[in-house]
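Contents: one structure, followed by commentary.
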Amino acid sequence: MTKSIEEINLKIRDGSAVVVTAEEMPDIVSELGEEGALREVDVVTTGTFGAMCSSGAFLNFGHADPPIRMERIWLNNVEAYAGIAAVDAYIGATQESTTEGSTYGGAHVLEDLVSGKQIELRAISKGTDCYPRRTITTELLLEDLNQAVMVNPRNAYQCYNAVINRSDRTLNTYMGMLLSNQGNISYSGAGLLSPLANDPHFNLIGSGVPLFLGGGEGVIVGEGTQSSPSNGFGTVMVSGDLNSMSPDYLRAASFTGYGVSLYVGLGIPLPMLNVEAVRNCAVRDEDLITSIVDYGTPRRDRPVVRTVSYAELKSGQVEIDGEMVRTSSMSSYSRARKVAHELKSLVEAGSFMVALPTRRIDTGKRSHPMRETRQTPRIREIMNAGVTTITEDESVKTAARKLLRGETNHLPVIDAEGKLVGIITTYDVSKSVLLKGESMKVSEIMSKKVVVVSPDEPVDVAAQRLEQYNISALPVVDSDHHVIGILNAVDLGKLFSKRWQP
Amino acid sequence: MKLFLTIQRDVLKRPLISQVVLETGVLINVERAHIDANEGWVLIDLPEKEETRISSRLTELGVEVKKLENAVLYDEHECVECGACLSICPQEVFSFDADYHLVIKEERCVLCGQCVCACPHQALSIRQ
């Protein structure tokens with residue numbers, strides 16, 4: 001048996017369509033079988049509510065008098081992209097305020113607009129014959145704009161990696177706070193309620209399909225940026241009118257140490273046309289598998305610690321190396337449910353129709369990493385290989401002499417086999433002289449916990465590490481912990497100042 | 001239950017808590033302590049039934065004693081019930097009920113403030 005989209009829309013219009021949420025569907029299919037569920041259910045509603053950084057809106061302000069071609073625009077001190085005609089701008093969710101930093105950003109501007117709050121616009125221009133005005137400052141409400149169209153390049157991830165941190169310090173990431181030594185696990189996504197998880201082959205989801213976006217009705221533009229459905233990481237680009245949205249489903253967020261993001265409530269109604277559609281919507285959290293990835297490795301390809309189902313993630317704890325580690329969700333499951341239920345009511349009330357894609361999304365696509373024609377310099381290339389070292393048994397006096405002669409402030413301390421066992425600085429030496437004279441041995445005053453880098457790490461990692469630990473030099477060690485060089489902050493500073501300037 | 005003790009500089013140097021433990025035989029758990037130039041504060045946990053006895057003895061010794069109540073300030077309009085706070089709290093103050101609504105057991109809070117930083121929606125703060 002199959003059903004046509006017209007048939008389903010007819011039933012929606014006359015109020016007789018049977019609508020269930022994607023959370024209710026698996027049990028219905030278990031009970032009635034696929035054919036039975038197809039006969040019974042017309043539409044399955046999905047929902048998700050999570051941080052979707054790749055969001056923003058096109059705004060048209062209308063012309064001022066005298067007119068201005070706005071070249072740079074700030075909305076509540078958050079810069080919007082103004083390189084599009086005279087009075088249009090795109091405000092991106094993650095753009096941060098020039099005055100308030102990461103506590104206020106584009107996402108907050110969007111939430112404020114939708115909440116009916118007044119926004120201050122400032123803009124500058126060089127002035128032209130047709131647009132003579134050079135500056136403008138004005139206050140605006142959402143209703144004062146001609147258009148405010150949300151266009152989110154990449155929303156509703158089909159699946160997202162869960163994350164853990166195996167390093168020895170707490171990390172602040174876009175996946176929230178990750179405690180050191182695998183202290184917690186963070187994940188995102190609504191599992192069985194997620195729109196794309198219920199249509200993994202993009203049979204029903206594609207260009208032109210209506211969706212619930214931020215509390216209003218929007219439309220799927222098509223393939224999302226970075227979409228990679230062939231390995232389960234599909235995304236969609238979506239659009240909707242900001243005027244139809246509500247702060248219940250559009251919420252700005254600020255992640256400590258990371259920045260601003262926008263929580264978007266998004267749901268797609270899926271018409272049950274055939275057995276395959278029913279089968280896809282019968283998916284359970286147990287069937288949805290993702291990887292737990294170690295964010296303690298600051299590289300693109302991070303080690304996978306294990307795979308895990310959404311059922312395990314939602315249970316609140318997951319076993320890692322025989323130990324139960326607690327989980328946190330970054331997206332809201334209660335709000336995802338609210339989206340699916342709200343969408344269900346809208347379809348039942350006959351005010352939300354379903355449609356088939358006017359253009360299919362390429363399911364074979366796999367996103368690839370950036371082509372880099374210039375490799376970031378590695379530590380090996382800029383480290384100082386002529387490093388002066390000292391052994392544990394030498395005296396502080398010898399250390400002082402070496403520090404002076406080497407014109408350095410840091411001496412890596414090595415054992416008899418040449419392996420790094422500590423570090424001493426001019427500060428340590430001065431302190432020891434004051435305390436106990438110069439009769440002490442290096443091993444008595446050295447710091448045993450040494451922050452190091454390896455020669456093949458990118459220089460950016462070293463820069464981040466120097467800043468994190470508030471230190472000014474890093475011994476470079478090979479895989480056997482032999483000291484092969486030293487990297488100091490001054491060299492790194494020179495490199496960065498030459499390398500990139502805005 | 002938890003008591004929040006504020007201790008003035010001149011009193012600070014005496015081993016007050018040990019003294020009270022020895023005198024009363026009540027096992028007191030020190031959960032957090034902070035000392036700065038002028039005063040210090042200590043958060044202690046003790047059995048509910050011993051509260052009056054311990055409070056009055058500490059007050060006699062010059063300590064300002066306050067019962068720790070409503071430690072976690074929660075803004076329900078900002079909260080979206082994501083759950084970012086669940087795994088980072090060392091005291092397991094936060095959990096979900098069967099419907100994924102946030103449950104806060106604030107009597108467990110030791111004022112560490114970790115949740116304040118972890119909340120993406122700035123919905124949590126700690127009573128000072």
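Remember, predicted model here, so these are calculated numbers, not experimental data. The chains referred to below are lettered A, B, ... by the order of the sequence lines, with proteins before strands, and numbering in each begins at 1.
Looking at A:Lys314, A:Met330, A:Glu312 one by one, the single match for side chain to side chain contact (heavy atoms under 4.5 Å, CB included) with A:Tyr187 turns out to be A:Lys314.
Here the side chain of A:Thr98 pairs a donor or acceptor atom with the backbone of A:Asn77 at under 3.5 angstrom.
Between A:Tyr160 and A:Tyr174, the ring planes are perpendicular. Angles over 60° get that label, and only those under 30° would be called parallel. Using bins of under 30°, 30° to 60° and over 60° for the plane-to-plane angle, the ring pair A:Phe49/A:Tyr263 lands in the tilted bin.
With a 4.5 angstrom heavy-atom cutoff, A:Ile185 touches chain B only via backbone atoms. When heavy atoms are compared at a cutoff of 4.5 Å, A:Ala252 approaches chain B solely by way of its backbone atoms N, CA, C and O. For a residue to count as touching a neighbouring chain, one of its non-hydrogen atoms must lie under 4.5 Å from one of that chain's; by this rule A:Ser329 touches chain B with backbone and side chain alike. With a 4.5 Å cut-off on non-hydrogen atoms, B:Gln122 touches chain A through its side chain but not through its backbone. Contact annotation for B:Cys115: neither backbone nor side-chain heavy atoms come within less than 4.5 Å of a heavy atom of chain A.
Between the CG atom in A:Leu242 and the CD1 atom in A:Ile91 there is a gap of 11.0 Å [rounded to 0.5 Å].
Per-residue counts of heavy-atom pairs under 4.5 Å with chain B were compared for A:Asp248, A:Thr327, A:Asn172; the largest is that of A:Thr327.
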